[in-house]
Amino acid sequence: MALLVQKFGGTSVGTPERISAVAERVQRDIAAGNQVVVVVSAMSGETNRLTELGRTIAPKGSPEFMDVLLASGEQVTISLLSLALAQLNVPATPFLAHQIAIHTDDQFGKARLTEIDTE
């Protein structure tokens, strides 16, 4: 049994059909006896859409608030993939970065990882 970490972003999760295809791939990998961790990005075009919305509201912006806004794109994909996995009877637990204790520095908009709590 292997531990697989899979990253899917942009176009690979760009539509509901593609998200379902990712779920089927995860299902196959689990059925093959692997442990699977999946990391997803926002759906194709979503980061640009959210950036434009934020800049429309606040042209000068706030890097801290923009980070929160942009993270919502990943949260949508996480939720949709979890729903797709549930339809396939694949147990999944969706997490956001703060829920699994991924820490960064305070350079909003270009933060670097400082620590990952492995407990």
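These numbers were taken from a predicted model, which means no experiment stands behind them. Reckoned from all heavy atoms, side chains included, excluding hydrogens, waters and symmetry mates.
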Do Val39 and Val76 share a hydrophobic cluster (ILVMFWY, side-chain heavy atoms under 4.5 Å, transitive)?
no

Phe95 versus Ile78, closest heavy-atom pair with distance
O-CD1, 3.6 Å

Distance-minimising heavy-atom pair for Leu70 and Thr47
CD2-O, 3.8 Å

Shortest non-hydrogen pair, Val13 vs Ala42, comes out as CG2-O, 4.0 Å

Keeping the roles fixed (side chain from Thr11, backbone from Gly14), state whether a donor-acceptor pair exists under 3.5 Å.
no

Atom of Ile19, atom of Ala84 and distance for their closest heavy-atom approach
CG2-CB, 4.2 Å

Look at the side chain of Asn34 and the backbone N and O of Ala2, then say whether any donor-acceptor pair between them is shorter than 3.5 Å.
yes

Specify the closest pair of heavy atoms between Leu88 and Gln27, including all atoms of both residues, with the distance to one decimal.
O-NE2, 3.4 Å

Interatomic distance, CD1@Ile30 vs CZ@Arg28, rounded to 0.5 Å, equals 11.5 Å

Same cluster or not: Val37 versus Phe8, using hydrophobic residues (I, L, V, M, F, W, Y) connected whenever any side-chain heavy atoms lie under 4.5 Å apart?
no

Linked, directly or transitively: Ile116 and Ile100 (ILVMFWY side chains, under 4.5 Å)
yes

Salt bridge or not for Arg49 and Glu46, using N-O below 4.0 Å?
yes

Pair Met43-Leu80, side chain to side chain contact (heavy atoms under 4.5 Å, CB included): steps then yes or no:
CA-CA 10 Å; Met43 296 171 74; Leu80 292 172; 3.8 Å; yes

Taking every non-hydrogen atom, the tightest pair across Ser41 and Gly9:
CB-CA, 3.6 Å

Under the criterion side chain to side chain contact (heavy atoms under 4.5 Å, CB included), I'd like the reasoning laid out for Met66 against Leu69: C-alpha separation, chi angles, the key distance, then a yes or no.
CA-CA 5 Å; Met66 286 299 290; Leu69 176 62; 4.1 Å; yes

Out of curiosity, Glu24 CD to Leu85 CG, how far, rounded to the nearest 0.5 Å?
10.0 Å

Rounded at 0.5 Å granularity, tell me how far CZ in Arg112 sits from CG in Asp106.
14.0 Å

Can you check whether Gln6 reaches Val36 side chain to side chain, under 4.5 Å on heavy atoms?
yes

Does NZ in Lys7 sit with more than 12 non-hydrogen atoms of other residues, nucleotides or ligands closer than 6.0 Å?
yes

Check this for me: Glu52, atom CD, are more than 12 non-hydrogen atoms of other residues, nucleotides or ligands nearer than 6.0 Å?
no

Does the side chain of Gln35 pick up a donor-acceptor pair with the side chain of Asp29 at under 3.5 Å?
no

Just by modelled atom types, is the His103 backbone N or O under 3.5 Å from a matching donor or acceptor in the Thr114 side chain?
yes

Does Ser72 use its side chain to pair, donor to acceptor, with the backbone of Val68 at less than 3.5 Å?
no

Joint hydrophobic cluster, Leu50 plus Phe65, side-chain heavy atoms closer than 4.5 Å
no

